[in-house]
Amino acid sequence: MKKSALLVAALAFGATTAFAQLENKKGETYLPESGDWSIGIDATPVLNYMGNLIGGNGLNVAPTWNFLNANQTIIGKMYTSDQSAYRGIVRIGMDNSHSTAMIGDATQTTPPTYPTVPTMKTDEMKASSHFVGLGAGMEMRKGKTRLQGFYGADFMFWMSGSKDTYTYGNALAGGATPIMPSAATTTNFGSNMTTDTYGNAARITSWKSGSTIGFGLRGFIGAEYFIIPKVSIGAEFGWGIGFSMTGASTTDLESVGGAGPAVGTQTWTGGKSGSFMLDTDRNAFASGTGALRLNFHFQ
């Protein structure tokens, strides 16, 4: 009877000790629990900071809060239990910009006399782009110590595109006194001057990239270690399929040429492209760029 009591006490003490190993002295739990949320960042800047701090090489800079991959996606988790979590991946971005420049009035044939200000026209460039990346997945976890393994699957969708539009103050003209697209009549915004298919100087009125649409489905497996309560460092590998397609770009331009000469317009259509991938990867968007993850959990 005495031996049985000692055995029960030993087992109870062992279980208590094993459980206590997952808490710090303040009683804070190391591992995530049902209802916790998590967000992950690139651990490399933090590790570099700590390494330089220990090495004392005098080159240390403050660590930065970096995205986990080059796609600038926010990656987070919501725990449905102590051993499972939903994963979310999101980036929704739009960018719009414009610039204007003053250009001389090409129709002003008589030079102004001092101190008259020459007549000016306004050229304008508008640029826009967008990127939408969405993903969802399920993660299952293994392990009862601070070292945890995990596995699961992600589904991803993304699309992107961009457009540039140019408006010119000087209209082109043909006839006996043509107004040609030139430095005297058109502001060079850096990408709006070209030649038409006949070799005449031309200016672009609009350019639109082909829209890119992609899908991906991947399985993943990884591990993380909880260095302090609810903060872990880890990484994962994935394997899956990905497909993307990019439509044709279009370029509208105008020039002066031919008999007369006359003002003409052309529309150029670019090529299309597509890709299919069945391979391993290191991040949530099924590409090669991966990073050690620093994960923060909270409730």
Side-chain angles (χ1 to χ4, degrees), residues 67 70-73 90-134 157-214 244-275:
F67 292 99
N71 291 296
Q72 295 177 278
T73 48
V90 62
R91 179 189 174 191
I92 301 176
M94 294 179 290
D95 180 71
N96 292 278
S97 62
H98 79 281
S99 59
T100 61
M102 305 306 295
I103 191 79
D105 185 353
T107 63
Q108 187 176 10
T109 57
T110 303
T113 58
Y114 179 85
T116 303
V117 177
T119 304
M120 306 296 287
K121 296 291 185 72
T122 302
D123 287 353
E124 182 179 29
M125 173 190 176
K126 295 181 179 179
S128 63
S129 63
H130 66 272
F131 184 96
V132 176
L134 301 172
F157 163 79
W158 61 92
M159 62 182 297
S160 63
S162 59
K163 182 179 181 180
D164 296 336
T165 303
Y166 303 91
T167 304
Y168 303 101
N170 288 307
L172 301 184
T177 55
I179 297 177
M180 314 286 284
S182 65
T185 62
T186 302
T187 300
N188 187 350
F189 288 102
S191 59
N192 61 309
M193 301 300 294
T194 184
T195 57
D196 62 22
T197 54
Y198 295 90
N200 300 308
R203 62 188 187 185
I204 296 172
T205 54
S206 71
W207 171 86
K208 184 178 181 180
S209 70
S211 295
T212 297
I213 298 177
S244 68
M245 51 187 176
T246 301
S249 64
T250 57
T251 303
D252 297 323
L253 55 87
E254 58 183 4
S255 59
V256 177
V263 178
T265 61
Q266 292 183 331
T267 298
W268 297 345
T269 301
K272 301 179 181 180
S273 63
S275 65

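Note that the structure is predicted; figures quoted are calculated from it, not measured.
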Quiz item: Do D196 and L253 have side chains that get closer than 4.5 Å, going by heavy atoms?
Solution: yes
Quiz prompt | Separation between CG of D95 and CZ of F131, rounded to the nearest 0.5 Å | solution = 14.0 Å
Practice problem: Begin with the C-alpha distance, continue with both residues' side-chain angles, and end with the deciding distance and a verdict on side chain to side chain contact (heavy atoms under 4.5 Å, CB included) for W207 and S162. | Solution: CA-CA 9 Å; W207 171 86; S162 59; 3.5 Å; yes
Quiz item: Looking only at heavy atoms, which two atoms of N96 and S128 are closest? And how far apart?
Solution: OD1-CB, 3.1 Å
Quiz item: Rounded to the nearest 0.5 Å, how far does OG1 of T167 lie from CE of M125?
Solution: 11.5 Å
Quiz prompt | Nearest atoms (heavy-atom pairs only) where D123 meets Y168 | solution = OD1-CA, 3.3 Å
Quiz item: Any luck finding a side-chain donor-acceptor pair between T267 and D252 under 3.5 Å?
Solution: yes
Quiz item: Distance from S206 atom OG to K163 atom NZ, nearest 0.5 Å?
Solution: 6.0 Å
Quiz item: Yes or no on side chain to side chain contact (heavy atoms under 4.5 Å, CB included) for Y198 and Q266, after CA distance, side-chain angles and deciding distance?
Solution: CA-CA 11 Å; Y198 295 90; Q266 292 183 331; 3.7 Å; yes
Quiz item: Does the Q108 side chain pair with the main chain of T119, one donor and one acceptor, at a distance under 3.5 Å?
Solution: yes
Exercise. Using the side chain to side chain contact (heavy atoms under 4.5 Å, CB included) rule, take T265 and T205 through it: C-alpha gap first, then chi angles, then the decisive distance, then the call.
Key: CA-CA 10 Å; T265 61; T205 54; over 6 Å; no
Quiz item: How far does CG of D164 sit from CD1 of I204, to the nearest 0.5 angstrom?
Solution: 8.5 Å
Quiz item: OG1/T187 to NZ/K121 distance, rounded to the nearest 0.5 angstrom?
Solution: 12.0 Å
Self-check item: Residue pair N170 / T186, side-chain heavy-atom distance below 4.5 Å
Solution: no
Quiz item: How about T122 and M102: do any of their side-chain heavy atoms sit closer than 4.5 Å?
Solution: yes
Practice problem: Go through the steps for T194 and W268 under the test side chain to side chain contact (heavy atoms under 4.5 Å, CB included), then give the verdict. | Solution: CA-CA 12 Å; T194 184; W268 297 345; 3.8 Å; yes
Practice problem: Enter the distance from T269:OG1 to K272:NZ here, rounded to the nearest 0.5 Å. | Solution: 9.5 Å
Quiz item: Does the side chain of T107 come within less than 4.5 Å of I179's, by heavy atoms?
Solution: yes
Quiz item: Regarding R203 and the six-membered ring of Y166, is the cationic atom NZ or CZ under 6.0 Å from the ring centre and inside 45° of its axis?
Solution: no
Quiz item: Shortest non-hydrogen contact from P181 to S255?
Solution: CG-CA, 4.4 Å
